[in-house]
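We use all heavy atoms of the structure for the numbers below, so side chains are in, but hydrogens, waters and symmetry mates are not.
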2 protein chains.
Amino acid sequence: MIDILRQHIIGRLGNDIDNLETVLNYFKPLSVDRNQYLVKQGEVCKYVYFIAKGCLQVFVYDNEMNETTRDIVTEGTWCSELLSFGSGKPATENIRTVEPCELLAIDKQSFQMMVETIPQFDKVYKQILETSYANSVYRINTFVALSALERVKWLMEFRPKLMTRVSSKLIASYLGINKDVFSRLKAKL
Amino acid sequence: MIDILRQHIIGRLGNDIDNLETVLNYFKPLSVDRNQYLVKQGEVCKYVYFIAKGCLQVFVYDNEMNETTRDIVTEGTWCSELLSFGSGKPATENIRTVEPCELLAIDKQSFQMMVETIPQFDKVYKQILETSYANSVYRINTFVALSALERVKWLMEFRPKLMTRVSSKLIASYLGINKDVFSRLKAKL
DNA sequence: ATAAAATGTAGACTTTTGTCATTGCATATT
DNA sequence: AATATGCAATGACAAAAGTCTACATTTTAT
């Protein structure tokens, strides 16, 4: 399992990293059932997770406990409530497993030790932050002006695998449209 | 004008900074007319701007040249297409003055020299990035699930000054709703 | 100061989206 | 195996949002 992370890091920083194996030892492998919370709104996010296998939902609750999903994240990527992880302040979002997952978790202390051990690793946090920011910006610029139908088309073009992998309910909350509407629009296409 | 930036930096890093005045000298003051582009989609963003006075619009064009506004930024804050500035890749967004502006601009070379001169300044980039990310996340989680009316209410609660300061057209493109709808909803409240 | 251009509002109408109730199906639970 | 639970699809209807036109007003440019 750890090999997936090894490949990921080599892909980003190159394979001339001295203490790569030491670094990898900082990560704790976790097997998690589906529908388990990794992060809860209001609590501090203590880990950054690398998803070796599975799928996570990043979302918030509104007043009526409806879910709005900001992101659906699958294997080969990082996931965390970064701002809480970085600052130690309460998280503003929830993260929950959508499927049984294989995760590699690193806590803040280890993360900081890692940064000291391997100067290059400082870049990783920055890279994750920049990627996260880029995704958010993209999402705002893409979604805000799109109609429900256009959002569905977007999904089918750019994240087609999600259509079959996760529930319609989840996708609807990701697209910001009603689940009944989503069902109808799918039928239309 | 430079004093506004001085105060801003002191407010963030404290006033025990050795070379503060040297740092401030890196910034070029700019007076810009309204409706001038600071950054264009497709071109590289070469500066980070501090807004001493005025108002900027951060937006994208869609296929029909409609504008979608991701942010409206006023004095006392930083503004840039950070990802382009950081990577040297083409910008994905446009930035344009909404009013005549007094800006303080710093280019990348100066920015990097500054980071070397004042180690603390490394934090500034990270802070700007984190703040930008936090804003984006907030915006997604807030807006995606809100109706047009709720978005207008949100604006009146959290950014009431914009209502009188900038055009309804601009606000509508910021809220992601039609300008006629925006006009009607305002009348309702 | 004046003309030109852009903006804001309003009404009538169309289209899109949301809500609710119903049904069938699949998946857990005991 | 029987029951409960959650999810997806559909129809009927209500509500919201978008479009288009017209017109008044404000702002900008000359």
Side-chain angles (χ1 to χ4, degrees), chain A residues 32-37 55 57 59 61-69 72 96-100 143-156 160-189, chain B residues 31-37 54-55 57 59 61-69 72 96-101 142-156 160-189:
Chain A
V32 187
D33 285 346
R34 66 182 227 120
N35 288 328
Q36 303 303 306
Y37 285 85
C55 182
Q57 173 192 14
F59 67 103
Y61 289 111
D62 68 10
N63 303 329
E64 290 101 32
M65 288 295 279
N66 300 311
E67 298 176 6
T68 302
T69 301
I72 300 172
R96 192 173 52 192
T97 55
V98 175
E99 308 168 351
F143 276 40
V144 170
L146 292 190
S147 69
L149 178 60
E150 290 168 324
R151 291 179 194 196
V152 175
K153 283 180 180 166
W154 177 90
L155 188 81
M156 290 175 54
K161 287 175 189 166
L162 285 186
M163 295 281 286
T164 51
R165 182 166 180 174
V166 305
S167 75
S168 297
K169 191 186 163 194
L170 174 54
I171 292 179
S173 88
Y174 175 56
L175 297 181
I177 62 185
N178 184 282
K179 68 187 165 56
D180 299 336
V181 173
F182 177 61
S183 178
R184 263 179 269 157
L185 293 174
K186 255 193 309 181
K188 257 191 196 170
L189 295 175
Chain B
S31 291
V32 187
D33 284 346
R34 65 181 230 118
N35 288 330
Q36 303 302 306
Y37 285 86
C55 181
Q57 173 193 11
F59 67 103
Y61 290 110
D62 68 12
N63 303 328
E64 290 101 31
M65 288 296 280
N66 300 311
E67 299 177 5
T68 302
T69 301
I72 300 172
R96 192 173 52 191
T97 54
V98 176
E99 309 169 350
C101 288
T142 309
F143 276 39
V144 170
L146 291 191
S147 68
L149 179 60
E150 290 168 323
R151 291 179 195 196
V152 174
K153 283 180 181 166
W154 177 89
L155 187 82
M156 289 175 54
K161 286 176 189 167
L162 286 186
M163 296 281 284
T164 51
R165 182 166 181 175
V166 305
S167 75
S168 297
K169 190 186 163 193
L170 174 53
I171 292 178
S173 87
Y174 175 55
L175 297 182
I177 62 185
N178 185 282
K179 67 186 167 56
D180 298 337
V181 173
F182 177 61
S183 178
R184 261 179 272 158
L185 292 174
K186 254 192 311 181
K188 257 191 196 169
L189 295 175

Chemist: Consider the side chain of Ser168(B), meaning its heavy atoms from C-beta on, and name the nucleotide among dG8(C), dG18(C), dC20(D) that approaches it most closely.
Modeler: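 Within the option list, the nearest is dG8(C).
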Chemist: Does Lys169(B) or Ala187(B) map to a spot on DNA chain C nearer the 5' end, using the closest nucleotide for each?
Modeler: Lys169(B)
Chemist: Please classify the nucleic acid contact of Ser167(A) as base, sugar-phosphate, or nothing, using heavy-atom distances under 4.0 Å.
Modeler: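 Since only primed, P, OP1 and OP2 atoms lie under 4.0 Å of Ser167(A), the category is sugar-phosphate.
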Chemist: Rounding to an integer number of Å, can you tell me how far Arg34(B) CZ sits from dT28(D) C1'?
Modeler: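 So the CZ-C1' distance, Arg34(B) to dT28(D), works out to 7 Å.
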Chemist: Parallel, tilted or perpendicular: which fits the ring planes of Trp154(B) and Phe143(B), with parallel below 30° and perpendicular above 60°?
Modeler: perpendicular
Chemist: Between dT9(C) atom C1' and Ile177(B) atom CD1, what is the distance in whole Å?
Modeler: 15 Å
Chemist: DNA chain D: Val181(A) or Ala148(B), which has the more 5' nearest nucleotide?
Modeler: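 Whichever sits nearer the 5' end wins; that is Val181(A).
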Chemist: Using a cut-off of 4.0 Å on non-hydrogen atoms, how would the nucleic acid contact of Lys186(A) be classed: base, sugar-phosphate, or nothing?
Modeler: sugar-phosphate
Chemist: Without decimals, in angstroms, what is the distance between Phe182(A) CZ and dA8(D) P?
Modeler: 9 Å
Chemist: NA contact type, Arg151(A), heavy-atom cut-off 4.0 Å: base, sugar-phosphate, or nothing?
Modeler: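 Answer is nothing: Arg151(A) stays at 4.0 Å or more from every strand.
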Chemist: Measure the distance from CG on Asp180(B) to P on dA12(C) and round it to the nearest whole Å.
Modeler: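 After rounding, the gap between these two atoms is 15 Å.
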Chemist: Measure the distance from NZ on Lys179(B) to C1' on dT21(D) and round it to the nearest whole Å.
Modeler: 11 Å
Chemist: Does CE in Met163(A) sit with more than 12 non-hydrogen atoms of other residues, nucleotides or ligands closer than 6.0 Å?
Modeler: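 It does: Met163(A) CE has more than 12 such atoms within range.
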Chemist: Provide, to the nearest angstrom, the distance between the CG atom belonging to Asn35(B) and the C1' atom belonging to dA5(C).
Modeler: 13 Å
Chemist: Taking NZ, NE, NH1 and NH2 as the nitrogens, is one of them in Glu67(B) or Lys169(B) under 4.0 Å from a carboxylate oxygen of the other?
Modeler: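 Not counted as a salt bridge, because no side-chain N and carboxylate O are separated by less than 4.0 Å.
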Chemist: Is Arg184(B) side chain donor-acceptor paired with the dT19(D) base, going by distance under 3.5 Å alone?
Modeler: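 Side chain to base: pair found, below 3.5 Å.
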Chemist: Could you state the atom-to-atom distance from CG of Asn178(B) to P of dC13(C) in whole Å?
Modeler: 19 Å
Chemist: Looking at every heavy atom in both Lys186(A) and Ser168(A), which two are closest together, and how far apart are they?
Modeler: NZ-OG, 3.1 Å
Chemist: Whole Å only: how far is the CG atom of Leu175(A) from the P atom of dT16(C)?
Modeler: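 Taking atom P of dT16(C) as the reference, CG of Leu175(A) is at 17 Å.
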Chemist: Between Gln36(B) (side chain) and Asp33(B) (backbone), is there a donor-acceptor pair under 3.5 Å?
Modeler: no
